[in-house]
Amino acid sequence: MGKVAVGATVICVAAAAALLARHRMNCSGRWAKAMAILKDFEEKCGTPIGKLRQVADAMTVEMHAGLASEGGSKLKMLISYVDNLPTGDEKGLFYALDLGGTNFRVIRVLLGGQEGHVVKQEFEEGSIPPHLMTGSSNDLFDYIAEALAKFIATEDEGIHVSPGRQRELGFTFSFPVRQTSISSGNLIKWTKGFSIDDAVGQDIVGELTKAMDRAGLDMRVAALVNDTIGTLAGGRYSNKDVIAAVILGTGTNAAYVEQAHAIPKWHGLLPKSGEMVINMEWGNFRSSHLPLTEYDQALDAESLNPGEQIFEKVISGMYLGEIVRRVLCQMAEEADFFGDTVPPKLKIPFILRTPDMSAMHHDTSSDLRVVGNKLKDILEIPDTSLKMRKVVVKLCDIVATRGACLSAAGIVGILKKLGRDTVKDGEKQKSVIALDGGLYEHYTKFSACMESTLKEMLGKEVSENIIIELSNDGSGIGAALLAASHSQYLGMDESF
Ligand code: ADP
Ligand code: MG
């Protein structure tokens, strides 16, 4: 009996040990599987310098193609009708309205000419209610016009337009628009999560003007631009060497100053300045050299605009967090990364926003507390080990690095097009690129990586002449400046 009992105990212990070993093996097997998914993703996202050069070259080639003919490239290279960037002479009270993503702003600027520059500036900010992003264009424009009317009602006694004069507005509308003049254009398509069927093809200024009428506002839209053009104009006002502007926010885009004679599809008169600002709409760039993964393909296929804005979907703020979520979800599904079940919240598209990803990526605490809290608060994953948190940080790093490197390659593409990617005969011509957008401004690791990649691609000597300048809301002032330089009262005696 005693013997049997001993024997049974031995068998029990052996069985338990085997179970434990299997469990350990399962755990390490799962871990290995999760790491394999991570590694595979990292490899596919790779941006070695050779690849970045190919991307930059492809950008330059597409720029040429888009300038040559309508529809010649994925890059629309839209003519902005801005052929005179601000000089500093602009004078008077002007408004700007910025609509282009998560937020919108109304701005009032008092311009004082060469001596005064920006005498006074006021703004108010609001967010677009999500239901208006997919509703009707009337509702969206009414909402904006009403916000504008409220803002105008706060005009000071001292600062107002001269009696009998219409107020003038620079409208920053950051979606692809085919311009027909400086102050008119038709919407080509929505991007960045907006989807309003009845607005595609619409005369944007006409719609806003009707909404302003409905809101009882007598106001003239003097300039229709987008955030890149606004940023370029605002940047040029404060620095004469600004030649391009790049937005890295919810979406991404770039604009630059082109020689008008180098635009084959421009059939208008050559402007006096000889220059024309081109709105690249670079978010729609795509190339076989882009390091895309199955996660990017799935994100695109399930997006509101499949097949479009591929560059934007790899580098901009709307999508970076979502890419991280998709990889984490795969790791949870295929390798039980978060345990036996997949955390339900992890399956919700866009639940992990880029600002949260950025907060995790920048976590410097020894136990990665911020990462742990974000996973708990957003994805409702209560317990995560330090090891797991490190993997999440690594994932953020892979996604942000790829986006930042590709943004740098895009900028090199523009510099190449302008012949500014080399130093000619010891020339010390500075090229300043005005950067704006929440992603660039707040995601420090992203912007640092972009700038160091740019230096690496250009080399030391050229880099000394290329300056990236944060143009914090230069876009609003830029639009107001363009409204001023296209004012119907231009040349008349102005007293404000
Ligand atoms: P928009 O592009 O909508 O005009 P912004 O330029 O302010 O507005 O950019 C907002 C976007 O910037 C957000 O959608 C987000 O993707 C990104 N962003 C904002 N804050 C951060 C942050 N702290 N870290 C990373 N990205 C951020
Ligand atoms: Mg913006």
Side-chain angles (χ1 to χ4, degrees), residues 96-107 123-130 132-133 140 144 170-177 190-194 225-235 245-255 279 281-283 299 303 309 311-325 349-364 370-371 374 378 393 395-397 399-404 407 434-450 470-480:
L97 166 65
D98 184 337
L99 169 68
T102 36
N103 300 318
F104 78 99
R105 274 172 167 238
V106 282
I107 300 148
F123 74 92
E124 240 163 66
E125 199 165 68
S127 58
I128 302 288
L132 291 181
M133 296 181 179
L140 177 67
I144 296 164
F171 182 23
T172 307
F173 180 75
S174 303
F175 299 94
V177 165
W190 292 106
T191 54
K192 296 180 283 190
F194 279 68
V225 293
N226 70 11
D227 47 3
T228 41
I229 311 279
T231 301
L232 184 52
V246 173
I247 302 293
L248 288 161
T250 306
T252 183
N253 192 10
N279 164 21
E281 288 298 335
W282 89 353
L299 181 154
S303 69
Q309 302 291 106
F311 199 46
E312 179 162 278
K313 285 171 184 162
V314 192
I315 68 178
S316 84
M318 176 158 173
Y319 303 100
L320 297 186
E322 169 64 3
I323 302 169
V324 170
R325 182 199 68 85
F350 293 96
I351 194 167
L352 187 65
R353 294 158 52 252
T354 303
D356 297 315
M357 163 192 178
S358 156
M360 295 196 288
H361 197 176
H362 290 105
D363 188 357
T364 51
V370 178
V371 180
K374 289 283 179 198
I378 300 165
V393 174
L395 197 50
C396 296
D397 192 54
V399 173
T401 302
R402 178 181 66 163
S407 312
L435 255 292
D436 196 12
L439 179 70
Y440 177 78
E441 194 183 345
H442 303 298
Y443 202 150
T444 318
K445 283 189 189 280
F446 184 101
S447 40
C449 176
M450 191 191 92
L470 174 67
S471 166
N472 211 339
D473 196 45
S475 161
I477 295 200

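Each ligand, and each atom within it, is numbered from 1 in the order the structure gives.
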(message) Which residue is it: Thr172, Val225, Val106, Asn226? I am looking for the one with a side chain to side chain contact (heavy atoms under 4.5 Å, CB included) to Asp98.
(response) Thr172
(request) Identify, with sequence neighbours excluded, every residue that meets side chain to side chain donor-acceptor pair (under 3.5 Å) alongside Thr252. (result) Trp282
(request) Could you tell me which residues satisfy ring pair (Phe, Tyr, Trp, His ring centres under 6.0 Å) with Tyr319, sequence neighbours excluded, listed by chain and number? (result) none
(message) Test your reading of the model: is there a side-chain donor-acceptor pair from Glu322 to the backbone of Phe350, 3.5 Å cut-off?
(response)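 Yes, Glu322 side chain to Phe350 backbone: donor-acceptor pair under 3.5 Å.
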(message) Ring-plane angle category for Trp190 and Phe194, please: parallel below 30°, perpendicular beyond 60°, tilted otherwise.
(response) parallel
I'd like the atom pairs linking ligand 1 to the protein - N or O on both sides, separation under 3.5 Å - with distances to 0.1 Å.
unit_1   : atom_1 : unit_2 : atom_2 : d
ligand 1 : 2 (O)  : Thr250 : N      : 2.9
ligand 1 : 2 (O)  : Thr250 : OG1    : 3.2
ligand 1 : 3 (O)  : Thr102 : N      : 3.0
ligand 1 : 3 (O)  : Thr102 : OG1    : 3.0
ligand 1 : 3 (O)  : Thr250 : OG1    : 2.7
ligand 1 : 6 (O)  : Gly438 : N      : 2.9
ligand 1 : 9 (O)  : Gly438 : N      : 3.2
ligand 1 : 12 (O) : Leu439 : N      : 3.2
ligand 1 : 14 (O) : Thr250 : OG1    : 3.0
ligand 1 : 16 (O) : Gly317 : O      : 3.2
ligand 1 : 24 (N) : Ser358 : OG     : 3.1

(message) For Asp363, give me all partners under salt bridge (charged side-chain N to carboxylate O under 4.0 Å, His left out), at least two apart in sequence or on another chain.
(response)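 So Asp363 forms no salt bridge (charged side-chain N to carboxylate O under 4.0 Å, His left out) with any residue.
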